[in-house]
Each structure stands twice: as structure tokens, then as C-alpha cells.
Participant: 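Before I ask anything, here is the structure I am working with.
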Amino acid sequence: MNRPGNSLRRIAARAVSVATMSRVVDPVIADWQAEHAEAVGQGAAWKSRWVWYSGYVVLLKTLVVYGCWQAAAMGRDWSVEDRSMLGRMVATFACVTFVLMTLTTLPVVAISVVSDHQVSAAMVALLLPHAISIAAPIGLLLGILYTSRRLPLSRRVTRAGFAVALVVSLGSYALLSEMVPATNQAFRVEQGRLWPAGDVLSPQRGRAELTLAELGQRVVVARDRGFPEHVVKSLSLDYHQRRALAFAALPLAMFALMFGNQRRRYGFGIPGVAALGVTAFYYMLMMTGRGLVTAGAMPALVVWLPHVAVLVISAVVAFRSRRKLAPSSNQSIQSQTGR
Amino acid sequence: MAGRPRMLTLSPKEQIILQLLVRDGELYGLQLVAGSRHRLKRGTAYVTLGRMEEKGYIASRLEEPPAHEGGLPRRLYLPTALGRRVLAAYTAPAPYLVPEFNR
């Protein structure tokens, strides 16, 4: 008999400690398997199916609750300064993300003002998943830079900032791979319902309306059927670019964390200028990818070029600030001898 | 240097678990959820049990591996002496403070 939870257990074993596995994850799965075996033994097909699927929800919820509890326990050991710094970082991140999301949806709202085209609340709401995936990395970048304006970030806050970037990246990946294609298509359908026939986009799904898995399949099919090379490369670039864009938060946050750990403090304008510069640099490099691919470069490598470039800049910033912090040998001898 | 003295706290969910374990003896997590009459949720019960074990309020042991192949051994929970004392300390004044407690 097939037991539920075995594959999830293998995945969880890589992510959590042995103690957590034995105290939290294994008891959930063991009870789940026993309940399922009992339902199968009774010949209750629907019940066994219900137990099978609801068990996934229970396990997922248990892991989320456990993660929150661990985070709260960790937070209790933090100093007041660290907590306040992390709170400011998250609040700025949330505010900037909200403002950028609103700005991203404004062009669609503006259409209803300047033309006769009706724009429903649903159309604006359907733009939000895509807007979040663009706004969140920039929001986090500004959140970290503005938090570290007056004081350098402590090691704990730096780690927490990196953890937030990781969560943002994974969330963006889920959005861009599954949710954004679905909402793009729903937007087209809603547009078709409200707008005159001539102004509506084709209801047929384009590349932006395909999930990441479907787009990957298209690349394989195009390659197998001998489509022209430029078509295969263009499809492949779209596929890899969507994956790479989901992880934009990581290099941008890394830059902000390294910039924030410099010894020199800065005024109100510097974080904005630094954020604008690094974001423009990142997206411009991403856009030049198409030209590089046309020139013969591999799409799978080209799309990660902006990440590597921003990480190199971050490393240079970190190296420079560390060199400034380390006293020269003469200075350290003088300070030791009191001269 | 001695650390900060530990305060023995008992949350409402921990109290329900201890009451069930003191009343019924060894129980599985699933039995605790079923016995709590919807006061414990499956998604949070196991985390609470893990936390209570860390606090020393309950102990657990693994059952013999099940007869069916491939299944994981289930974990049985039972209250410790500390758990019983903490429960008694928390519930003893309750009838005086909350008249509805005994209803």
C-alpha cells in the first residue's frame, strides 16, 4: 500500500533539524499514515482520499506554525536596538512595496480617466501579483538602505535581511511561475468583457500567459520539431529570464546589506540614489540579454549576468568598507603602546 | 554564572493537553486532537507537544513499528511529574478565580 507523506518527509529532512524531525514532523506523518491505513482497511475510499489530501495541509500548517514559533523564540533573545531596526526595515519594505504596486497599476486606472474604456476593480486586482513581483525586491532594497542610514546593521539584522530576501525570492518564484500567468489571462478575459472588440488583446494565451512549466515544454517542443534557432533561443530566454527575475531580491538585498554595513553614514538622498542606480543597472543588464542571445550567447547563462554583476559590486563595497575598518599596523602598534 | 530563573508558564492549549494526558494516560497526537473537542487543531497540536516536551511537561516514546510495511512508528505522549505539578498549580486556584471553571 502506498503511504502518504514519504516524499514530503524526505524533503523536510533536508530543511529541518533532526530534533524537529523527530518531535514535530515524524509524529504528524506517522499519525497521518495510521489514519490513512485505517480508512483504507475500512474500505472507505472517500475518507481515505480526504485523509490523504488533508494531511498535506496539516503538515504544511504544522511546519509554518513551527517556523513562526522558532522565529518568535529567536526574537526574544534580540536586543531592543536589533528589534527596532528589523521593525523599521520591514515597515519601510512594506510601505515602499505598497507605493510601487500602486504606481504600477496607475497606468491602467489612467486609461479609464483619459478614454471611454471601462476599467473594473477586478482588472486592477489582477495586475497586483505581477506588481508585487516587481515592487517587492525594490521595496526590500530601499527598506534595508533607509534602515541602515544612521547606524550600521548588526550581524543579526543582516542575517534577518538576507532571510527576508530569500522569502521574497521564493514568493516571487511562486508568483511568476504559476499565479502571474493565470492572472494575465484572466485580465485579458475581463478586458474582452468590458472593452470594444477592436481594442481587446487576443484571448489566445501568449508567452506571458503560460506557466513556467508550460513555457519550458514549449522550448523542448520547439527544439525537437526543428524550429528556427532564433525562435528556440527567444523562447528559452523568456523561460530563463522569468526564473532569474524571481530571484532579483537576493542580489539587490545583498548590495543593500553591504552598503548599509559601511562605516560612513549618509544622508536621506544617498539611499534613494544608490537604490535607483543599482536597480536601473540590474534591469538594463537584464534587457541587454536579448541582444547578447542574438549575438550567440546561451540564454541560461545570460539571464544570470545582472545577478553576478550586482553581487560583484556588493563584494567590492564590502571589501572597501572592511579595509577602511581595519587599522594599519602602525596605528595598531601606536594604540597599543598608548603613543 | 547562573542564568535567569525560568518561569514555568502554561498556555491554555498546553493545559488542555496536560488535562487529557492526566485523565487518559498515554495518547497519540491524533487522539489528543480528537479528545479536545475541537479545542486543539491538528496543525498546531504537534508544535505544542514538541514545545511541551522541551519544557519537560510531557515525555514521549515511539510505539513499535506498525505491522503494515513502510509506515512510521507513532509517538505516544504521557505527562511527567513536573507537568502534573504545573497543571495542579495552574488549575487549583481556578475555581476561586473563575466560578464557571467547575461547571
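The chains referred to below are lettered A, B, ... by the order of the sequence lines, with proteins before strands, and numbering in each begins at 1.
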Participant: For residues B:Pro73 and A:Ala30, report the shortest heavy-atom separation together with the two atoms involved.
Facilitator: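 That would be O-CB, 3.5 Å.
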Participant: Report, one line per pair, each donor and acceptor closer than 3.5 Å where one atom sits in a side chain of residues 55-62 of chain A; sequence neighbours left out.
Facilitator:
residue : atom : partner : partner atom : Å
A:Thr62 : OG1  : A:Val58 : O            : 2.7
A:Thr62 : OG1  : B:Gly43 : O            : 3.3

Participant: Nearest 0.5 angstrom please: A:Tyr66 OH to B:Thr48 OG1, how far?
Facilitator: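 So the gap between those two atoms works out to 12.0 Å.
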Participant: Checking an interface table here. Which of residues 160-177 of chain A come within a heavy-atom distance under 4.5 Å of chain B?
Facilitator: none
Participant: Counting neighbours of CE on A:Met21 that are heavy atoms of other residues, nucleotides or ligands and sit closer than 6.0 Å, is the number greater than 12?
Facilitator: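 Counting other residues, nucleotides and ligands, CE of A:Met21 exceeds 12 neighbours.
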Participant: Mind checking the OH-CD1 spacing from B:Tyr46 to A:Ile29? Nearest 0.5 Å is all I need.
Facilitator: 10.5 Å
Participant: Sort by residue number and list every residue of residues 124-137 of chain A having at least one heavy atom under 4.5 Å from chain B.
Facilitator: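 Those residues of residues 124-137 of chain A which would need a heavy atom under 4.5 Å from chain B do not exist here.
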Participant: Between B:Arg42 and A:Glu35, does at least one N-O distance fall below 4.0 Å, as a salt bridge requires?
Facilitator: yes
Participant: Under 4.5 Å heavy-atom distance to chain B, tell me which part of A:Thr20 shows up: side chain, backbone, both or neither.
Facilitator: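 For A:Thr20, there is no contact with chain B at all, as no heavy atom is under 4.5 Å.
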Participant: Does the side chain of A:Arg23 come within less than 4.5 Å of B:Ser60's, by heavy atoms?
Facilitator: no
Participant: With the threshold set at 4.0 Å, does a side-chain nitrogen-carboxylate oxygen contact exist between B:Arg74 and A:Asp31?
Facilitator: yes
Participant: Identify which one of A:Val25, A:Asp26, A:Val28 satisfies the side-chain contact (heavy atoms from CB on, under 4.5 Å) criterion when paired with B:Leu72.
Facilitator: A:Asp26
Participant: For chain A, which residues from residues 29-41 of chain B have at least one heavy atom closer than 4.5 Å to it?
Facilitator: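 So the qualifying residues are B:Gly29, B:Leu30, B:Lys41.
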